[in-house]
Amino acid sequence: MAVVFSIDLQWIFGYFPDDLPFVIMVNIMMTIIFFVFAVLFVGFIILLRLYKIFRNRKKEEQRLLLEDILNNFLFDEEFDSENELRKFRNEHLNTPLEIKITIKEILLFHSNIKGESATQLRDLFLQWNLDEFCKKQLAARAWYSKSRALFSLSEMLILVELEKIRPLLNHRQDEVRQQAQLYFIKLAENDPLEFLDHLDKPLTLWEEIFIEDALKNEYHGKIPDFSKLLQASQNSVVEFGIRMIAKFNQFENISELLPLLDHNSEEVRCEAVRSLSALEHQEVIDTLISIFGKETNLVKKTILDAIKHLGSYNDLIMLKDKIQDHEWDLKIKYYGIAQNFLPEQRQEIYNQYEKEKALLL
Amino acid sequence: MGITFDDIADIASWLFLVYGILICLGYLFSAIFSIFEIRDYKRSNNYRDEIALLQASELPPVSILAPAYNEGLNIVENVRSLLTINYPNFEIVIINDGSKDDTMQRLIDEYDLEKQDYLFHYFIKTKTIRGVYKSKNTAFKNLLVIDKENGGKADALNTGINVCSNDIICCIDVDCILEYDAMLKLIKPFLNNRKKVIASGGVIRVANSCVIEDGRILEVRLPEKFVARVQVIEYFRAFLMGRMAWSRVDGLLLISGAFGMFDKQIAIEAGGYNHNTVGEDMELLVRMRRMMREKNIPYKVGFVPDPLCWTEVPQSWEILKRQRNRWTRGTAETLLLHKKMIFNPKYGVLGLLSTPFWLFFEWMAPIIEFSGTIFFIFLLWNGLISWKFFFTFLFVVYAFAVLFSITALFFEEYSFQQYKKPKYIFKLIGTAFLEPIVYHPFVMWAAVRGNWDLIIGKKSWGEMTRTGLSNSSKK
């Protein structure tokens, strides 16, 4: 190695006069290298600009062709589907870019139509072998290819062996994990949340928003009994279950929510209070008042919100003495709710708060 | 065997050289980390329209805090623009920081405000609140205006924190222009993390010369003035190469005061914005991070690589000098306040990487550069300059500076490509070649002056007169 290195150096420095100090030679070398890189980057910038222009133009051309052919395919009865589609496939589905744009455009059309047209698009997707492309992408090493493939396959409701999808639920990349979750929901005939048992990491709020949306808009089976999630080992799944019970008005599960007011997780208790409030379960007020004093600040705030929603001024004043002197955020909330209950006494309540403030500070 | 003058000159030369090499290596690593971060971010954003879904979702309510001081000229338009923010649940809190002009009266007249007995508590000590105003018009029901005694930006923001009603706060400059989906993107780190997120920030862009209509950027244009144009490159370097890299290693120390989101409770626990520094935005984040670390609570600071907010940068050398003077003092004050963290392994990446980097390569860089210049003059005076050495070193430094800026331009082209017209790119390349000669010595001098002002105890912000974005090419 040392020999090679010395030969290289000799080759490089051989161009410099012998009497030139080493530091100057290095400086000249570095200046040249930096300038060469700067010029290269300028070249890259120009090439990138040209590449993006070319790519965008290609995308636009393909998109316009697709728009035309898809509109004819879906809505023109005299359209010669068999020949035109075959022709398009032969001429315009040859490069990965063309295929990707086609998939994207079909997905866009698919998201805007329902019923028979959606089925027709799905058939076209299969006819053009786009599902095979997606399956290959699913097997690719790159996480973003997997993720995109999962998205396309789930949008087009194309079934893949679940053994291939299940490991992706715990993929190291968030995007893959999320698309795998959505795949399970969209393709499930029943029990769409079965996959939640297999997660090795807590759900994020972001994932929950997408799961809820998929349940509401893309899952067509029977809405699951969310109380099953209340036994999950992950608290995030329990919280999600509690929230869904309220969102899907599963009043029959109120009795399952009540024990969660004693759960060891603060977030779970908060979620339980919120859901019971959303489900208008007025019977819970006495329990909330009784637990208020021993609760954390976060749960206390949630209880105050619940009292505002479910209770009365008389319920509220039961909490007054349970608010500690230093809990100013709770006091503000308390007096705000009191003003809400008694709008005609707004000024008196404000004065009361100011008086209390003056006394304590 | 005493040490000769030549020996000292030799040692100093080597020290400057080592420092130069270290700074170059630092920039090189930040470029490498950034390109990976940008690449991953681009790859993760190719699916369905998340924005539409988020608009329809129950997102956490956010209080947007915007301090205003002598903004009478544009305050009505600025507030109107803020009221159109695309987010399902928010309140706008304008804090009039004892303006001497008609800011408050304009707000009262335009938005039909009336003084209310508003419930609040001084969780953080601030100047007295003269009154809290809400609109009689239900169209402006999410607008809250606080009128307070003058206490500076930090004090105004703390007042906003005390009075606002939501648990997530977004602190912004009242005159900045937000992208239509900026809030929806900035909230994402709070939703998509398994750790507690204490703050999130995004990329700030230069709005000078852009075409603006109703508080929205219609067309991105390159600033006409050189001094503003060069700041475009500076912002590319700072955000696309600097913060992106720090975000990847979870070592961010600064979320721009122009647009950042915070967990209110954590901000209050940390003591809110510090009145005694002019770098209150950096100081708050460092203090919040330090507190979380000392309490051993796992947490995260989010960073969104999308351009979310557009701001006006100084167009005159004098204002630029004041701004850089203040930035330097802010950095130095923050590092001095948190010197315990520097090289302290207890603070992980922050202690071993971020704070030392900021100390040596942000705060000290202009000082060392200035010392180098003095040293050069000294050698020149004593006839010790070898011009061969001088020019070759000068060329290396110049070439590296140009390369670094061109790399930042490449990152912009690779990622967001906001400057669509080809002539803009060529102008920026030209600017990159001029910057080290024309602009850099000036900001170095401003930073040196900032350090001097710090030593003599100057605390003021300095007037930051803005031309006003409403005066940009407006349609």
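In what follows, chains are A, B, ... by sequence order, proteins preceding strands, each numbered from 1. Model, not experiment: these values are computed from the prediction.
A salt bridge does not link B:Lys264 to A:Asp329: none of the charged side-chain nitrogens sits closer than 4.0 Å to a carboxylate oxygen. For B:Arg194 and A:Glu207, the salt-bridge test passes: some basic side-chain N is under 4.0 Å from an acidic carboxylate O.
To the nearest 0.5 angstrom, A:Phe37 atom CZ is 14.0 Å from B:Ile406 atom CD1. Here the NZ atom belonging to B:Lys188 is positioned 10.5 Å from the CD1 atom belonging to A:Ile209, to the nearest 0.5 angstrom. Rounded to the nearest 0.5 angstrom, A:Phe210 CZ and B:Leu191 CG are separated by 10.0 Å. The structure places OG of B:Ser165 at 8.5 Å from NZ of A:Lys333, a figure rounded to the nearest 0.5 Å. Note that CD of B:Glu413 and CD1 of A:Ile46 are 9.5 Å apart. Values are rounded to the nearest 0.5 Å. Considering CD of A:Gln173 and CG of B:Asp40, their distance stands at 6.0 Å, rounded to 0.5 Å.
Considering only heavy atoms from C-beta on, B:Phe190 stays 4.5 Å or farther from A:Leu205 through its side chain. Taking the side chain as every heavy atom from C-beta outward, A:Gln339 and B:Asp117 never approach each other to under 4.5 Å.
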Would A:Ile28 and B:Phe395 count as a side chain to side chain contact (heavy atoms under 4.5 Å, CB included) if you check the C-alpha gap in whole Å, the side-chain angles of each, and the deciding distance to 0.1 Å?
-> CA-CA 8 Å; A:Ile28 295 171; B:Phe395 287 140; over 6 Å; no
A:Ile332 and B:Phe123: CA distance, side-chain angles, deciding distance, side chain to side chain contact (heavy atoms under 4.5 Å, CB included) verdict = CA-CA 12 Å; A:Ile332 290 169; B:Phe123 295 102; 4.1 Å; yes
Run the numbers on B:Leu409 and A:Phe41 for side chain to side chain contact (heavy atoms under 4.5 Å, CB included), then give the verdict.
-> CA-CA 9 Å; B:Leu409 292 181; A:Phe41 271 114; over 6 Å; no
Should B:Arg43 and A:Trp143 be marked as a side chain to side chain contact (heavy atoms under 4.5 Å, CB included) after you check the CA-CA gap, both sets of side-chain angles, and the distance that decides it?
-> CA-CA 9 Å; B:Arg43 283 174 175 171; A:Trp143 64 264; 3.8 Å; yes
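Surrounding CH2 of B:Trp14 are at most 12 heavy atoms belonging to other residues, nucleotides or ligands under 6.0 Å away. More than 12 heavy atoms of other shown residues, nucleotides or ligands fall within 6.0 angstrom of atom NZ in A:Lys357. Under a cut-off of 6.0 angstrom, the local environment of NZ in B:Lys196 is sparse, with at most 12 non-hydrogen atoms contributed by other residues, nucleotides or ligands. Taking a 6.0 Å sphere around CZ of B:Phe389, one finds it holds more than 12 heavy atoms contributed by other residues, nucleotides or ligands. More than 12 heavy atoms of other residues, nucleotides or ligands shown are found within 6.0 angstrom of NZ on A:Lys201. More than 12 non-hydrogen atoms from other residues, nucleotides or ligands lie less than 6.0 angstrom from NZ of A:Lys320.
Within the 4.5 angstrom heavy-atom criterion, no atom of B:Pro60 approaches chain A. The part of A:Lys247 that comes within reach of chain B is its side chain, from C-beta onward, which places non-hydrogen atoms under 4.5 angstrom from that chain. Proximity to chain A is limited to the side chain of B:Phe433, based on heavy atoms less than 4.5 angstrom apart. The part of B:Leu59 that comes within reach of chain A is its side chain, from C-beta onward, which places non-hydrogen atoms under 4.5 angstrom from that chain. Residue A:Lys331 does not touch chain B at all, counting heavy-atom pairs closer than 4.5 Å. Looking at B:Asn192, the atoms closer than 4.5 Å to chain A (heavy atoms on both sides) sit in the backbone and in the side chain alike. In this structure, no portion of A:Ile33 lies under 4.5 Å from any heavy atom of chain B.
In this view, B:Phe426 satisfies the ring pair (Phe, Tyr, Trp, His ring centres under 6.0 Å) rule with no residue, not counting sequence neighbours.
A:Lys52 contributes no side-chain N or O that, together with a main-chain N or O of B:Gln417, makes up a donor-acceptor pair within less than 3.5 Å.
Between B:Phe400 and A:Phe34, the ring planes lie perpendicular to each other; the angle is over 60°, past the 30° to 60° tilted range. Between B:Tyr398 and A:Phe35, the two ring planes are tilted [angle within 30° to 60°].
Of the listed residues A:Lys301, A:Glu212, A:Arg177, the one with more heavy-atom pairs under 4.5 angstrom with chain B than any other is A:Arg177. With chain B as partner, the option from A:Phe44, A:Tyr51, A:Tyr353, A:Trp328 having the largest number of non-hydrogen pairs under 4.5 angstrom is A:Trp328. With respect to chain A, the highest number of heavy-atom pairs below 4.5 Å among B:Asp167, B:Asn193, B:Val402, B:Leu17 belongs to B:Asn193.
A cation-pi geometry, defined here as NZ or CZ lying under 6.0 Å from the six-membered ring centre and within 45° of its normal, does not hold between B:Lys42 and A:Tyr144.
Of residues 341-352 of chain A, those residues lying under 4.5 Å from chain B by any heavy-atom pair are A:Gln347, A:Tyr350.
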